[in-house]
S.K.: 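Structure incoming, see below.
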Protein chains: 2
Amino acid sequence: MAAMHGNALYYFYEAASLGSMRLASDKIGVAVSSISRQIAQLEKTMGVALIERGRRAIRMTEAGRLAYEYYQGCIANEEAFMNRLHEHRQLKAGKVSIAIGEGFLGGFFSKVLEDFQGQHPGIAVTASVLPTSEIVHAVLEDDAHFGLIFNDCTEPKIRVRATVAQPLMVICAPDHPAAKRKSLSLEDLSTYDLCLPDANLRLHQILREAERREQVWLEPVLTTSSIYVMREAARAGRMVTILPRIAAAAELEDGRLVARPIYEADLEHTSVSLIHRLGRQLDGAPARLMAAFEARLKGWSESDGPAAA
Amino acid sequence: MAAMHGNALYYFYEAASLGSMRLASDKIGVAVSSISRQIAQLEKTMGVALIERGRRAIRMTEAGRLAYEYYQGCIANEEAFMNRLHEHRQLKAGKVSIAIGEGFLGGFFSKVLEDFQGQHPGIAVTASVLPTSEIVHAVLEDDAHFGLIFNDCTEPKIRVRATVAQPLMVICAPDHPAAKRKSLSLEDLSTYDLCLPDANLRLHQILREAERREQVWLEPVLTTSSIYVMREAARAGRMVTILPRIAAAAELEDGRLVARPIYEADLEHTSVSLIHRLGRQLDGAPARLMAAFEARLKGWSESDGPAAA
DNA sequence: ATCGATCCTTGCGTTGAACGCAATGATTTC
DNA sequence: GAAATCATTGCGTTCAACGCAAGGATCGAT
C-alpha cells in the first residue's frame, strides 16, 4: 500500500478547508483544473466520493471527513518529524557513542565532554571504556563513532584523525622523594614503591618492552587493571606510578600530582590517537565532538600539557 | 510544507529495513538506480545524509533513524485511515442524520430504525424531531441527509423520493363508541370528547381547512402540540383524536387503538413524503437508511397499513 | 596484493503523471 | 432568464521518475 498521492490529498484538504477549489487554487498556486482532476482521481483510487458535487460551496462526505482527518494526522506527524530533524541539524538532539581506553578517563575526558554537553544540551553521549583491541573493533563495526587509544594502530581500515605524543612519565605526589628529581631512569624507579598496570592493560606491554630493552625489572608493590587505582595510589603519597600525562590531567593541573620524564627508556615515543573508521563520514554531533577532542589533543601537544604551560 | 516525495521515503525505508538497495529493488520492483537516486534526492532536499555511504550493508545515520520512524508513523496513520475507510465502505461505521416530524415517532420509525441498526451496528443515527418547515430547511442546508414530512412540499430544490397517502383518520380506543362506526364525518366527531393538535402542528392547519370546507367547528377538550399526548389521550379511552395511521402504527397493530376513516372531509388526500436535497447523492449508510424508510413507506401504502392486512 | 563478486552511483534516452490554457457544463444570483 | 461564478473536460507541454548500461567502490578470497 504505497503512500497516497501526496499532492492530491493536499489539494483535497485545502479545497475542503476553504470550501472551494478556486480558493484552494489561489492558495496553492495551481490551476483549478489540476485540483479538480487530482481530487477526482483520488476519489477514483479510493473508490469513495470525498466531496459532494453539484454545489457551490464544497462539502465533504463522511469519507471525505475521514480523509481530512487522515491528512491532519499526516501533517502533525510530519511537523513533529521536521522539528526533530531541525533540532538534530542544530545539534540540539542526537547521539554520539565513543570508545576510549580507561586511561583517558579523568580530567581530560571530563573537560572535553563537559564543554561539549554544555554547548550542545540534548546530545546523548555514550562512552564505552574498553581495551584497545575492542576499541578498534567497535570503531570498525560502527558501534562507536570514533575512538581514543594509546599508540597508533596499524589496521588498514582505520583512519587516524590525530596523533599526539604522550610519553609515559613518572607520576607521584609532590612531596614524594621522586618529585625532587628532574627526571628518572627505570633503574631509579626500582628503588620506590611502585604501582603498575597488570597484564590486561596496554601500558603493561609497553613497560615490559622497555624493561627488556633496559634490562631492568620493576617489582610493583601494587598491580592493578584500573588506572584510577594507579592514580589514587600515587596521590596517597607513598607510591609512584607510570602513566601518560593525559591519564592524570586534572591532578597534574591542580598540583595534587606531579609528572617527571623517564629518560633512556624509549617510553617517550608512546602516543595517543584519535581514530575512526575509514570512509565513514561523521555528521553533526559526532563530528563536533570528535573535533573537540582533536582540538584538545592538539592543544595538549603544543603546550605539552597545561601543567607545563 | 508539501508532503514528502512519497516514493523516495518509501524506497529509503525499504532499503534501510532490508539493509540493501538491491533487496529493496527486488521487493519494490523498481530499478536500483531509481532507488539510489530517490534517496540521494531526498537527502538533498532534507539537507541531511540518511544513510552512510561506502559500506556494503546500508546503515542509517541518526537523521535516517528519525526519517525511518517518521515513515513508520505515516504507515500507522495510513493503516488506521484505511481501516476506517474500509469500515465506512462496508457500512460498519458512519453517521446518518435525519429530520422527521413528531408524528413519525412511534412504531413506524422505531421499527425501521431498529432493523437498520441491527443490520448495521456501528452506524450512528441522529434523528431531529422538528416542525415541517424546519425539516425542509435542515434538508436544504444538509443538516439532515433526508427528511420525513407530512404533505408534499413545493420547494424547488427538494426532491421527493417517495410519497404515500396517509389519510387522516379517527383514532380511538377499541371500546369507544366511535369504534363501532365504520366511518365518521366531522359532524359525528363533534359529539365526542376530542383531543386535537394545537396551532404549531401542521395537522392543525389541515383540520382547520377541513372544518371551513365542511362548516363544522370542532371543539377539543384537549389541545396539545404533542402527538404523543394525542395518542395517549385516545388510548386512555375517553377521548378521540385525529391522526394518520403512521402516527400510531404500533398501537393500531396490537389493537390498543383502532382507526376509522373520515368521509367527505377531503382529509384522505393528505400524505407523507420522504424528501432530500435535489442533487445531493447519498453514499453508503444514509442511502441505505433512506431506502429502508422508502421501502417501509411503500409497503405501508400497498397494504394500507398492517392493521388492515 | 590482486581478482572477482556484489553493490551503489552516474549518464542518457524514454515515458507518464501533473500541469496550464481554454472551452464546456452546472449552479446560484440578480 | 441572463450574468456570474464554479467545477469539469480536452489538449498540448513539461519535468520528474524510470530502465538500461557503464563506471566506481567495497568486501571476501585466493
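Lettering of chains follows the sequences in order, A, B, ..., and the numbering in each one begins at 1.
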S.K.: Can you measure B:Tyr10 atom OH to D:dA16 atom P for me and round it to whole angstrom units?
M.R.: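 Whole-Å distance recorded here is 23 Å.
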
S.K.: Rounded off to whole Å, could you give me the CZ-to-P distance for the B:Phe12 and D:dA17 pair?
M.R.: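 To the nearest whole Å, that distance equals 17 Å.
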
S.K.: Between B:Ile58 and B:Arg277, which is nearer to the 5' end of DNA chain C once each is assigned its nearest nucleotide?
M.R.: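 Nearest nucleotide further toward 5': that of B:Ile58.
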
S.K.: Of the candidate nucleotides C:dA18, D:dG19, D:dA7, which contains the atom at the shortest distance from the side chain of A:Gln38?
M.R.: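 So the nucleotide nearest the side chain must be C:dA18.
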
S.K.: Would you please classify the geometry between the A:Tyr13 ring and the A:Tyr71 ring as parallel, tilted or perpendicular, with 30° and 60° separating the classes?
M.R.: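 It falls in the tilted class, 30° to 60°.
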
S.K.: Below the 4.0 Å mark, does D:dA17 have OP1 or OP2 next to a side-chain nitrogen or oxygen of B:Gln41?
M.R.: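 So the side-chain polar atoms of B:Gln41 do come within 4.0 Å of the phosphate oxygens OP1 or OP2 of D:dA17, strictly under.
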
S.K.: Provide the closest heavy-atom pair for B:Ala285 versus B:Ile123 in the form atom of the first, atom of the second, distance.
M.R.: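 Closest approach of B:Ala285 to B:Ile123: CB-CD1, 3.5 Å.
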
S.K.: CD1 of B:Ile28 versus P of D:dA17: gap in Å, rounded?
M.R.: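 In whole Å, D:dA17 P lies 14 Å from B:Ile28 CD1.
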
S.K.: From CZ of B:Arg37 over to C1' of D:dG23, roughly how many Å is that when rounded to an integer?
M.R.: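 Rounding to the nearest Å, CZ of B:Arg37 and C1' of D:dG23 are 14 Å apart.
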
S.K.: Of the residues in residues 13-23 of chain B, which ones touch DNA chain D at a heavy-atom distance under 4.0 Å?
M.R.: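 Per residue number, the list is empty: none.
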
S.K.: With each end axis built from five pairs of C1' atoms, what bend angle do you get for the helix from C:dA1-D:dT30 to C:dC30-D:dG1? Round to 10°.
M.R.: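 Both end axes considered, the difference amounts to 30°.
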
S.K.: Check whether any side-chain N or O of B:Tyr11 sits under 4.0 Å from OP1 or OP2 of C:dC8, and answer yes or no.
M.R.: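 B:Tyr11 to C:dC8 OP1/OP2: no side-chain N or O under 4.0 Å.
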
S.K.: Find which nucleotide of DNA chain D each of A:Lys157 and A:Ile35 is nearest to by heavy atoms, and output the residue with the more 5' nucleotide.
M.R.: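 With A:Lys157 and A:Ile35 compared, the 5'-side residue is A:Ile35.
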
S.K.: Should we count NE2 of A:His137 as having more than 12 external heavy atoms under 6.0 Å?
M.R.: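 Not more than 12 within 6.0 Å, no.
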
S.K.: Nearest to the side chain of A:Val32, heavy atoms from C-beta on, is which of C:dC19, D:dT8, D:dG19?
M.R.: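 Nearest to the side chain of A:Val32 among the choices is D:dT8.
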
S.K.: Look at the rings of B:Phe12 and B:Tyr68 and say which category their plane angle falls in: under 30° parallel, 30 to 60° tilted, over 60° perpendicular.
M.R.: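 Perpendicular, since the angle between the ring planes exceeds 60°.
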
S.K.: Can A:Lys298 and A:Glu294 be counted as an ion pair, charged N to O under 4.0 angstrom?
M.R.: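 Yes, this pair counts.
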
S.K.: If I compare all heavy atoms of B:Ser25 with all of B:Ala31, which pair ends up nearest, and what's the gap?
M.R.: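 B:Ser25 and B:Ala31 have their closest heavy atoms at OG-C, 4.0 Å.
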
S.K.: Does any donor-acceptor pair link the side chain of A:Ser33 with the base of C:dC19 at a separation under 3.5 Å?
M.R.: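 Checked by distance alone, the answer is no.
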
S.K.: Measure across A:Leu42 and A:Thr45 and return the closest heavy-atom pair with its distance rounded to 0.1 Å.
M.R.: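 What the structure gives for the nearest pair is O-OG1, 2.9 Å.
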
S.K.: What integer distance in Å separates A:Glu52:CD from C:dA26:C1'?
M.R.: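 Answer to the nearest Å: 16 Å.
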
S.K.: With rounding to the nearest 0.5 angstrom, report the OG to NZ distance, A:Ser20 to A:Lys27.
M.R.: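 Here the rounded value is 12.5 Å.
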
S.K.: Is A:Arg89 reaching over with its side chain to a backbone N or O of B:Ala63, donor-acceptor style, under 3.5 angstrom?
M.R.: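 No, A:Arg89 side chain to B:Ala63 backbone: no donor-acceptor pair under 3.5 Å.
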
S.K.: In sequence, state the C-alpha distance, the side-chain angles, and the governing distance for A:Arg84 and B:Glu62, and then conclude on salt bridge (charged side-chain N to carboxylate O under 4.0 Å, His left out).
M.R.: CA-CA 11 Å; A:Arg84 277 183 292 183; B:Glu62 198 58 32; over 6 Å; no

S.K.: How long is the line joining NZ of A:Lys44 and P of D:dT8, in whole Å?
M.R.: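 Rounded to whole Å, this separation is 15 Å.
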
S.K.: Which nucleotide, D:dC18, D:dT8, C:dG20, lies nearest any side-chain atom of A:Ser36?
M.R.: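 The answer is D:dT8, which lies nearest to the side chain.
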
S.K.: Whole Å only: how far is the CZ atom of B:Arg159 from the P atom of C:dT27?
M.R.: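 After rounding, the reported distance stands at 14 Å.
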
S.K.: Could you tell me the separation between the CD1 atom of B:Ile51 and the P atom of C:dC7, rounded to a whole number of Å?
M.R.: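 Distance, rounded to whole Å: 14 Å.
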
